[in-house]
Amino acid sequence: MCGIVGYVGGKEAYPILISGLKRLEYRGYDSAGIAVLSPDGLAVRKCKGRVSDLEAHVNGTPMPGTTGIGHTRWATHGEPNDVNAHPHVSANGDLALIHNGIIENYAPLKEELISRGYRFKSETDTEVLVHLIDDIQRKEGTDLPESVRLALENVVGAYAIVVMDRKHPGMLVAARKSSPLVIGIGEEGDHYLASDATPIVEHTRNVVYMEDGEIAILDKEHGLRIRNIKNQEKHPSIQALEIQLEALEKGGFEHFMLKEIYEQPRSIRDSMRGRLNLAQSDIVLGGIKDYEKRMVNAKRILIVACGTSWHAGMVGEYLFEEFARIPVEVEYASEFRYRNPVINEEDIVIAISQSGETADTLAAIELAKGRGATIIGICNVVGSSIARVTHAGSYTHAGPEIGVASTKAFTAQVTLLTLMALMIGHRKGTINGAKFQQLLMELDAIPAKVERVLKTEAQVKYISEIYKDARNALYLGRGYSFPVALEGALKLKEISYIHAEGYPAAEMKHGPIALIDEEMPVIVIATQGASYEKVVSNIQEVKARKGKVIAIVTEGDTVVKGIADHVIEIPDTADALVPLLAVVPLQLFSYHVAVMRGCNVDQPRNLAKSVTVE
Ligand code: AGP
């Protein structure tokens with residue numbers, strides 16, 4: 001996710017753009033840039049770092065002009081640095097473009113443009129767009145809006161873009177597909193653009209939310225015009241903004257954590273974007289292409305991580321062993337680094353980290369790397385320390401995760417591990433074609449199924465009310481759901497401060513069953529699958545001791561409904577994909593219990609978002 005702002009009107013653009021970017025830094029903050037059009041031409045300033053670093057960078061050189069665009073970046077392609085920062089500029093310096101999203105087919109487009117003599121300065125997918133628009137203008141002699149429209153007909157992926165052109169002073173052209181863009185209608189013909197209403201609301205409350213496939217022309221002379229991708233004029237529907245500024249940053253949600261739970265259909269889709277190819281029945285992970293063979297031939301996979309990322313690694317163990325038939329050991333990075341572990345040169349080590357800065361995970365990587373293992377990273381922050389020290393890796397593309405309790409990062413990590421395990425299994429032939437295709441289709445259907453699970457929130461909230469004063473909680477699961485039980489327990493304890501434990505369901509009789517009483521909630525993941533009957537027996541063991549059972553079940557389940565105290569139904573899916581759905585009610589449960597207990601959900605006591613100390 002990146003932050004986009006634009007302005008065209010009668011005021012100086014620069015101060016409006018800078019303050020707008022500051023409002024959007026929660027969307028991405030690894031680099032920033034601004035372009036302003038003045039009678040002297042197109043001025044562009046951009047640099048690595050936060051908006052305040054950009055301000056310092058600009059300070060010596062004023063940027064006069066009343067038309068401008070600004071961008072604060074969350075890197076997806078190309079690490080955070082001055083060159084990869086937006087805006088990106090056409091070869092002749094006439095066009096400047098900013099972009100939020102992922103251009104899936106940027107590589108073939110880039111090759112084609114290079115073959116026609118275009119030179120690229122950055123590693124970004126975005127730069128392809130500005131050269132493509134410039135190329136069309138030259139070839140077709142079209143104006144800026146039409147050139148943008150024709151260019152976007154060649155683009156596959158998600159985008160919110162704003163373009164300006166020295167040849168069209170007083171004009172901004174914007175387009176969106178799967179990434180948000182809001183237009184603000186100001187006084188005296190002023191027009192504003194932003195990724196959300198946060199930077200706009202201080203100037204005007206009259207906004208137009210752009211729809212997918214629309215192109216907007218903000219013109220000082222002719223005002224606002226909106227067209228669809230077929231070039232048909234559309235009448236803009238202006239809404240009056242009610243929401244307060246503070247709530248806007250959270251997208252109208254009370255906390256970043258809830259916003260990020262609700263972002264999961266999008267973030268899971270983004271982590272598959274350009275990688276899961278249903279039509280070709282294939283998975284392409286460009287970031288590990290050069291190491292694919294080594295992974296296919298691996299004798300052992302070690303996964304090192306901490307916290308929630310370690311739980312994702314636990315899901316990875318089941319995935320790689322089932323689909324790629326490669327033995328996996330999941331290690332707490334903090335233990336691994338001090339244990340003098342046996343590491344062989346043909347070992348593959350997968351390091352999982354949302355922040356890419358966790359000290360223990362970094363140290364574990366250095367140890368394994370020093371003994372000759374191949375290190376593959378799964379990170380959410382492009383250019384982070386862990387991403388830089390691994391041999392190769394895949395970014396999760398979940399967007400900034402602000403809430404300290406990790407939610408969308410977990411499901412994005414599990415999605416990436418699923419893609420990796422399926423791809424290796426498919427290359428090795430340890431999954432047959434039909435099963436592989438069926439799993440790809442199931443995986444492709446997950447974002448929509450997560451949307452359905454989110455509709456259980458009211459029911460989860462009702463259950464949270466009943467158990468918000470519990471002193472302990474037990475989470476149980478078998479197979480793929482055992483790591484989900486661990487993750488659910490971590491969520492509850494880290495934000496509501498209720499002690500909670502995750503356990504393999506069968507292990508309950510080896511001790512934890514002594515804890516069962518009428519007070520303690522026992523949360524059981526009891527979805528249809530290989531071990532369903534066994535889990536039902538475990539629920540009966542709890543009920544026989546008057547325990548309280550909250551069960552996550554497959555839609556339509558009547559058996560558990562007759563035994564448990566509460567059931568939350570989630571859509572049916574393959575066993576291996578249950579973690580992506582079953583974790584969502586557990587995230588919501590921990591969130592609502594914490595809110596009802598008056599806890600600081602986004603910044604729980606004693607915790608940090610990134611543990612960069614040992
Ligand atoms: C997750 O909810 C926690 N905040 C924490 O366990 C986190 O997962 C852990 O610190 C690892 O962080 P990383 O993924 O950034 O390496």
Side-chain angles (χ1 to χ4, degrees), residues 1-9 20 24 27 67 69-71 86-87 95-105 125-126 128-130 132-133 136-137 140 142-165 168 170-186 189-201 203-241 248 251 265-266 269-270 273:
M1 265 196 329
C2 303
I4 279 183
V5 290
Y7 170 74
V8 57
L24 291 178
R27 297 178 63 89
T67 305
I69 54 179
H71 185 273
H86 302 203
L95 301 177
L97 177 145
I98 52 180
H99 166 230
N100 173 28
I102 296 173
I103 306 296
E104 293 176 30
N105 62 333
D125 54 337
T126 303
V128 167
L129 272 176
V130 74
L132 192 58
I133 294 165
I136 288 170
Q137 269 192 335
E140 312 294 336
T142 43
D143 66 10
L144 184 61
E146 182 58 5
S147 308
V148 170
R149 189 183 72 81
L150 293 172
L152 292 176
E153 285 183 339
N154 299 289
V155 165
V156 177
Y159 54 79
I161 62 167
V162 189
V163 201
M164 53 198 265
D165 182 350
H168 293 72
M171 179 188 283
L172 294 181
V173 175
R176 71 147 283 176
K177 179 167 175 281
S178 306
S179 290
L181 260 182
V182 185
I183 299 166
I185 317 286
D190 284 3
H191 284 90
Y192 305 82
L193 260 171
S195 304
D196 64 37
T198 318
I200 292 173
V201 71
H203 303 292
T204 175
R205 285 193 171 273
N206 298 319
V207 297
V208 174
Y209 286 90
M210 288 182 69
E211 304 283 338
D212 273 3
E214 289 185 344
I215 293 174
I217 303 147
L218 288 70
D219 188 330
K220 211 165 161 180
E221 240 176 279
H222 305 294
L224 171 64
R225 282 169 288 152
I226 291 185
R227 295 172 183 160
N228 62 20
I229 201 82
K230 297 192 195 68
N231 218 7
Q232 295 151 335
E233 293 285 333
K234 283 195 66 178
H235 187 70
S237 81
I238 299 174
Q239 301 177 39
L241 256 184
L248 273 170
R266 178 202 53 78
R269 175 63 66 201
D270 280 350
R273 205 179 285 282

* Structure fact -> When rounded to the nearest 0.5 Å, the distance separating CD1 of Ile238 from CZ of Arg205 is 15.5 Å

* **Interatomic spacing from OH in Tyr7 to CG in Leu218 - rounded to 0.5 Å** => 11.0 Å

* To do: Determine the sole option in Leu152, Asn100, Ile69, Val130 for which the side chain to side chain contact (heavy atoms under 4.5 Å, CB included) test with Ile161 is passed.
  => Leu152

* To do: Before giving the answer on side chain to side chain contact (heavy atoms under 4.5 Å, CB included), spell out for Val155 and Leu132 the whole-Å C-alpha distance, their side-chain angles and the decisive distance to 0.1 Å.
  => CA-CA 10 Å; Val155 165; Leu132 192 58; 4.2 Å; yes

* Asked: Looking at side-chain heavy atoms only, is the closest gap between Glu211 and Lys234 below 4.5 Å?
  -> yes

* To the nearest 0.5 Å, how far apart are CE in Met210 and OG in Ser179? -> 11.5 Å

* Asked: If we only count heavy atoms from C-beta on, is the Ile103 to Val128 side-chain gap below 4.5 Å?
  -> no

* Asked: Got a sec, which residues hit side-chain hydrogen bond (donor to acceptor under 3.5 Å, both in side chains) with Arg176, two or more places apart in sequence or on another chain?
  -> Asp212

* Could you give me the CA-CA distance, side-chain angles and deciding distance for Leu181 and Glu214, then say whether side chain to side chain contact (heavy atoms under 4.5 Å, CB included) is met? => CA-CA 10 Å; Leu181 260 182; Glu214 289 185 344; over 6 Å; no

* To do: Decide yes or no for Asn231 and Glu146: does some side-chain heavy atom of the first lie under 4.5 Å from some side-chain heavy atom of the second?
  => yes

* Structure fact -> Taken to the nearest 0.5 Å, the spacing of Ile185 CD1 from Ile200 CD1 works out to 9.0 Å

* Asked: Tell me, do Met171 and Thr67 make a side-chain contact under 4.5 Å, heavy atoms counted?
  -> no

* Geometric class of the His99/His86 ring pair [parallel <30°, tilted 30-60°, perpendicular >60°] -> parallel

* Asked: Leu95 pairs by side chain to side chain contact (heavy atoms under 4.5 Å, CB included) with which of Asp165, Val148, Leu129?
  -> Asp165

* Test item: Arg27 and Asp196 side chains (from C-beta on) under 4.5 Å apart, heavy atoms -> yes

* Asked: Distance from Lys220 atom NZ to Leu172 atom CG, nearest 0.5 Å?
  -> 11.0 Å

* Below 4.5 Å, heavy atoms only, C-beta onward: do Val173 and His168 meet side chain to side chain? -> no

* To do: For the residue pair Ile183 and Ile226, establish whether any side-chain heavy-atom pair is separated by less than 4.5 Å.
  => yes

* Structure fact -> Output for pair (Leu224 CG, His191 NE2), nearest 0.5 Å, gives 5.0 Å

* Asked: Side chains of His203 and Asp190: does their closest heavy-atom pair fall under 4.5 Å?
  -> no

* side-chain hydrogen bond (donor to acceptor under 3.5 Å, both in side chains) against Asn228, all qualifying residues, sequence neighbours excluded -> Gln232

* Asked: Listed by chain and number, what are the side-chain hydrogen bond (donor to acceptor under 3.5 Å, both in side chains) partners of Asp125, not counting sequence neighbours?
  -> none

* Asked: Got more than 12 heavy atoms from elsewhere within 6.0 Å of CD, Glu221?
  -> no

